[in-house]
Amino acid sequence: MLVRFGETWHAWSVFAKMPERDVFSWNIMVGGYGKAGLLEDALDLYHRMMWAGVRPDVYTFPCVLRSCGGVPDWRMGREVHAHVLRFGFGEEVDVLNALVTMYAKCGDAVAARKVFDGLQLFLNMLQDEEMNGLAVKMGFATDAAFCNSLIQMYASLGMMGQARTVFSRMDTRDAMSWTDMISGYEKNGFPDKALEVYALTEVNNVSPDGITIASALAACACLGRLDVGVKLHELSESKGFMGYILVANALLEMYAKSKHIDKAIEIFRCMPEKDVVSWSSMIAGFCFNRRNFEALYYFRHMLADVEPNSVTFIATLAACAATGALRSGKEIHAHVLRCVIGSEGYLPNALIYWYVECGQIGYAWAQFCVHGTKDIVTWNTMLAGFAAHGHGDTTLSFFNQMVKIGECPDEVTFIALLCACSRGGMVSEGWELFHSMTEKYSIVPNLKHYACMVDLLSRAGRLMEAYNFINEMPISPDAAVWGALLNGCRIHSHVELGELAAKYVLELEPNDAGYHVLLCDLYADAGRWDKLGRVRKTMREKGLDHDSGCSWIEVKGVVHAFLTDDASHPQIREINTVLEGIYERMKISGAPVESHSPEDKQVSKDDIFCGHSERLAVAFGLINTRPGTSICVTKKQYTCQSCHRILKMISNIVRRDVIVRDSKQLHHFKDGSCSCGDEGHG
DNA sequence: TTAGGGTTAG
C-alpha cells in the first residue's frame with residue numbers, strides 16, 4: 001500500500017521490521033524501488049533477497065529485469081538471466097519477454113534476438129490456427145497480461161506487424177495494451193501510426209492513463225502535431241495529470257518541437273518539481289527553436305537544481321556548437337570528465353562535432369583518437385570536419401582508412417566526401433565516389449548527394465554539365481540543388497544560367513533571404529545594377545530585408561554580439577582603428593579591393609567599413625585575443641561576397657586563422673584562402 | 001489486493 005503511494009522509504013521501514021518476509025513482500029519492495037526510479041536500490045535489494053535464500057517466483061524477474069534495463073546494467077542483467085535459468089523459469093513467456101526487453105535496453109541486440117528465437121517455436125504455435133484455438137480455449141491466448149507482454153516483446157524487436165496481430169486478437173485491451181502499441185509505433189519510427197492508434201482509444205472509449213498520454217505526446221512532438229498535442233494537454237488538465245512529471249515533460253517536448261517554445265516555458269515555470277528530463281527537454285527545445293543562448297542560460301541554472309546526465313550534455317553541446325561557444329563547451333567537457341560518463345552513448349560524438357563547429361579541428365581529432373568504440377557517426381563527424389576545414393586530401397585518405405578497417409560507409413559518409421571533393425575542386429574523385437555509392441555500397445543517392453554533385457561541378461566551372469546533370473536526375477530537384485547551380489553561376493559570373501537557376505530556386509523557396517542575397521551577389525559581380533535594384537525591391541516587398549546581420553564572438557567566456565552598422569559596442573573606436581589599419585595595409589600591398597557600389601570600383605574605404613557584423617566581430621577578436629590564436633566568429637546569416645574577400649585578405653595580413661560559421665557553412669580563412677573552396681569569392 | 005507500458009540527445 002505504501003509503495004503504491006510512492007512512499008518507498010516508509011515502506012522500507014515497515015519491511016525492515018517485519019518478523020517474517022515471504023517472496024511476496026520482497027517482490028513488492030523490489031518493484032517499489034524500481035517504480036520509484038531507485039533502480040540501483042532495487043537491484044541491491046534483489047541481491048539481498050538472493051542472499052537471504054528466498055526463492056524468487058515468476059513475478060520477481062520482470063520486475064528486477066526492468067531495473068537492469070533502466071540503469072542499464074548489462075552485467076547484472078546477465079546474472080539475473082542465469083538465475084532465471086537456474087530457478088527454472090526459462091519457459092515463462094512473461095519472464096522471457098522481460099529478458100528480451102532488458103537486452104534491448106542494454107543495447108545487446110544479439111542476446112535479445114537469441115532469447116526471442118528460443119520463444120519463436122511457442123509463438124509459431126500460437127500463429128497456427130488449431131493451436132491458437134486451443135490457446136483461446138485455455139484462456140491465455142487473449143489474456144490481457146499475456147498479450148501485453150507479447151506486444152512489448154515484438155515492439156522492442158521492431159516487429160510491429162506481429163505486435164499488431166497479437167493486439168487485434170485480444171478480447172479486452174487495457175490501457176497498457178494501447179500504450180504498448182502507441183509507444184511501439186512511435187519508438188520504431190512510425191509516429192503517424194502511433195497517433196492513428198491513439199485516435200482509436202477515443203473511438204473505443206478507452207480511458208488513457210498518464211503513460212498513454214505521454215506516449216501519444218511523444219508522437220505529436222515527432223510530427224509537430226500541435227492540434228492533437230493541445231487536445232492531449234486539455235485532457236491531461238481535466239484528468240488531473242499535470243502534476244505527473246512524466247506528462248508535464250512530454251508536454252514541454254511537444255510544445256518545443258511544435259515551435260511553441262514560449263508555451264513550453266510557461267509549463268516549465270508552473271512545474272512544482274523539475275527533473276533532469278524537464279531541464280534537458282528545455283535545453284534541447286531552445287536549440288530546436290534556434291534560441292541557443294537561452295539553452296546555455298538554462299544549463300547554468302540547471303546546475304544549481306539537478307545533476308545533468310549525458311542527454312543534458314549532448315543537448316547543451318549542440319547549443320555550444322551552434323553558437324561557437326568554445327569556453328562554455330570546454331566547461332561541459334570538464335563536467336563530462338568529472339562525471340565519468342565521457343564514453344556514454346552519443347556523448348563522444350557530440351564532443352567531436354562541437355570541436356569541429358568551433359573551428360578546433362585539432363581538438364576534434366584528439367577527441368576522435370581517445371574515443372574508444374567508434375561507430376559510423378563518429379567517422380562521419382570527423383570526415384565532415386576535415387571537409388569543412390578544407391582538408392580535402394585528408395578527408396579522402398581518412399575515408400580509405402575507414403573502409404580498410406571494415407567500417408561500412410552510409411549515406412551521410414558520402415555527403416561529407418562529396419563536400420570535400422567540391423571544396424577541393426576534385427571533380428574526377430567526386431564522380432568516382434558518386435558512382436561507387438550505387439555500384440559498390442548499394443546506397444541510393446538522395447537530394448543532398450545530388451546537391452553536392454551540382455555544387456562540385458558548378459564550382460569547377462562545368463556549369464552546363466551541372467545543368468544537364470540536374471535535368472537527368474531521377475528525382476525532382478529541390479531548392480538546394482538549384483541553389484548550388486546558382487552559387488556556381490555567381491562564382492563564374494554566368495548571369496543567364498544563374499537567372500534560370502534562381503527562377504527554380506525562388507519558386508521552391510520564395511521567402512528565403514539567403515537565395516535572394518545570392519542572386520544580388522550574382523548581379524553585383526556582373527555589374528548588373530538595374531537587375532540588382534529589382535531584386536532588392538522584391539526583398540523589401542517581401543519583408544526579407546529586415547533580418548539585419550548579427551555576428552558574435554566568444555572572448556574569455558563572454559559572448560560579444562554585433563549587429564550591422566553597430567556603433568554601440570564600448571570598444572567601437574578601437575574596432576574602427578583596427579579596420580582602418582587593415583585598410584592601409586591592403587592599400588600598400590596593392591590588394592585588388594573591389595566595391596559593391598556601382599560608382600566606385602576601385603579601392604574604397606567603404607569596403608572595410610561596410611558595417612557588416614562579421615567584420616566588426618573579427619576586428620574585436622583581433623584586439624582581444626592573443627596573437628597567433630584563431631578567431632572564431634558565428635554569423636546568423638549568409639556571408640556576403642565582399643566580406644568573404646576581405647576576410648581572406650585579413651587572414652593573410654594578420655597571419656591568423658579566421659573561422660566564420662555562417663548560416664550555410666563554415667569558412668576557415670588561412671593565409672589568404674578559404675576552406676570553402678569558393679574561388680569566385682575573389 | 002505482486003510484474004510488464006513512460007518523458008529528454010543523436
Side-chain angles (χ1 to χ4, degrees), chain A residues 1 3-4 22-32 34-35 37 56-67 69-70 92-102 144-153 155-156 163 173-184 186-187 208-219 221 241 244-254 256-257 274-285 287-288 295 302 308-319 344-350 352-353 375-378 380-381 412:
Chain A
M1 189 60 149
V3 168
R4 189 183 291 172
D22 56 8
V23 63
F24 182 86
S25 22
W26 282 97
N27 284 349
I28 293 175
M29 279 313 297
V30 175
K35 281 219 156 169
D57 67 7
V58 71
Y59 293 106
T60 314
F61 292 109
C63 169
V64 68
L65 286 168
R66 176 186 186 270
S67 291
E92 288 290 339
V93 174
D94 288 346
V95 176
L96 290 170
N97 167 42
L99 276 170
V100 173
T101 310
M102 180 277 292
F146 175 78
C147 289
N148 289 348
S149 172
L150 284 185
I151 294 169
Q152 285 161 26
M153 187 158 58
S156 69
R173 306 178 183 107
D174 56 18
M176 197 183 285
S177 330
W178 291 92
T179 310
D180 287 340
M181 287 306 290
I182 294 168
S183 78
E186 195 268 323
K187 286 211 158 63
D209 62 16
I211 303 179
T212 318
I213 290 178
S215 304
L217 279 168
F241 288 156
Y244 191 4
I245 200 158
L246 175 77
V247 174
N249 286 345
L251 275 167
L252 289 184
E253 160 76 357
M254 184 278 294
K257 288 270 174 75
K274 298 151 179 103
D275 65 5
V276 63
V277 178
S278 330
W279 283 101
S280 306
S281 299
M282 285 308 291
I283 293 169
C287 286
F288 188 83
M302 169 188 187
N309 65 13
S310 64
V311 179
T312 324
F313 290 132
I314 290 163
T316 313
L317 279 169
E344 217 176 85
Y346 193 81
L347 192 46
N349 292 339
I352 297 173
Y353 177 74
D375 58 14
I376 187 64
V377 182
T378 323
N380 287 347
T381 310
V412 181

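Throughout, a chain's letter reflects where its sequence line sits, starting with A, and its residues are numbered from 1. Just so we're clear, the structure is a prediction, and the values are computed from it rather than from any experiment.
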Ignoring the backbone of [X], work out which of [options] is nearest its side chain.
X: Pro62(A); options: dA3(B), dG6(B), dT8(B); answer: dA3(B)
X: Ala175(A); options: dT8(B), dG6(B), dG5(B); answer: dG5(B)
X: Tyr346(A); options: dT2(B), dA9(B), dG5(B); answer: dA9(B)
X: Ser183(A); options: dG6(B), dT8(B), dG4(B); answer: dG6(B)
X: Tyr59(A); options: dG6(B), dG5(B), dA3(B); answer: dA3(B)
X: Cys63(A); options: dG10(B), dT2(B), dG4(B); answer: dG4(B)
X: Ala284(A); options: dG5(B), dT7(B), dA9(B); answer: dA9(B)
X: Ala315(A); options: dG6(B), dG5(B), dA9(B); answer: dA9(B)
X: Tyr244(A); options: dG5(B), dT8(B), dG6(B); answer: dG6(B)

For Thr212(A), side chain to side chain donor-acceptor pair (under 3.5 Å) partners two or more places apart: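 Here the qualifying residues are Thr179(A), Asp209(A).
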Pairing residues for Ser215(A) by the side chain to side chain donor-acceptor pair (under 3.5 Å) criterion, not counting sequence neighbours: none
Measure [atom1]/[X] against [atom2]/[N] and give the value in whole Å, please.
X: Lys35(A); N: dA3(B); atom1: NZ; atom2: C1'; value: 8 Å
X: Met102(A); N: dG5(B); atom1: CE; atom2: P; value: 13 Å
X: Ile352(A); N: dA9(B); atom1: CD1; atom2: C1'; value: 16 Å
X: Phe313(A); N: dG10(B); atom1: CZ; atom2: P; value: 16 Å
X: Phe241(A); N: dG5(B); atom1: CZ; atom2: C1'; value: 14 Å
X: Met176(A); N: dA3(B); atom1: CE; atom2: C1'; value: 8 Å
X: Ile211(A); N: dG6(B); atom1: CD1; atom2: P; value: 8 Å
X: Asn309(A); N: dT8(B); atom1: CG; atom2: C1'; value: 8 Å

Sugar-phosphate, base or nothing in reach of Ser280(A), heavy atoms under 4.0 Å: base
Sugar-phosphate only, base, or nothing, as touched by Ser25(A) at under 4.0 Å among non-hydrogen atoms: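 Result for Ser25(A) = nothing.
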Presence of donor-acceptor pair under 3.5 Å, side chain of Arg66(A) and base of dG5(B):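 Under the 3.5 Å cut-off, the side chain and the base do not form any donor-acceptor pair.
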hbond_proxy Asp209(A) side chain to dG5(B) base (donor-acceptor, 3.5 Å cutoff): yes
Minimum heavy-atom distance between Val23(A) and Pro56(A), given as atom pair plus value: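 Where Val23(A) meets Pro56(A) most closely, the heavy atoms are CG2-CA, 4.1 Å.
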Working for side-chain contact (heavy atoms from CB on, under 4.5 Å), residues Asn97(A) and Gln152(A): CA-CA 8 Å; Asn97(A) 167 42; Gln152(A) 285 161 26; 3.5 Å; yes
OP1 or OP2 of dT8(B) under 4.0 Å from side-chain N/O of Lys274(A):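 For dT8(B), neither OP1 nor OP2 has a side-chain N or O of Lys274(A) closer than 4.0 Å.
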OP1 or OP2 of dA9(B) under 4.0 Å from side-chain N/O of Lys257(A):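 Yes.
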Residues Ser177(A), Asp180(A); criterion side chain to side chain donor-acceptor pair (under 3.5 Å); working and verdict: CA-CA 5 Å; Ser177(A) 330; Asp180(A) 287 340; 5.9 Å; no
Note, Arg66(A) side chain near Thr101(A) side chain (heavy atom, < 4.5 Å):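 No, side chains not in contact.
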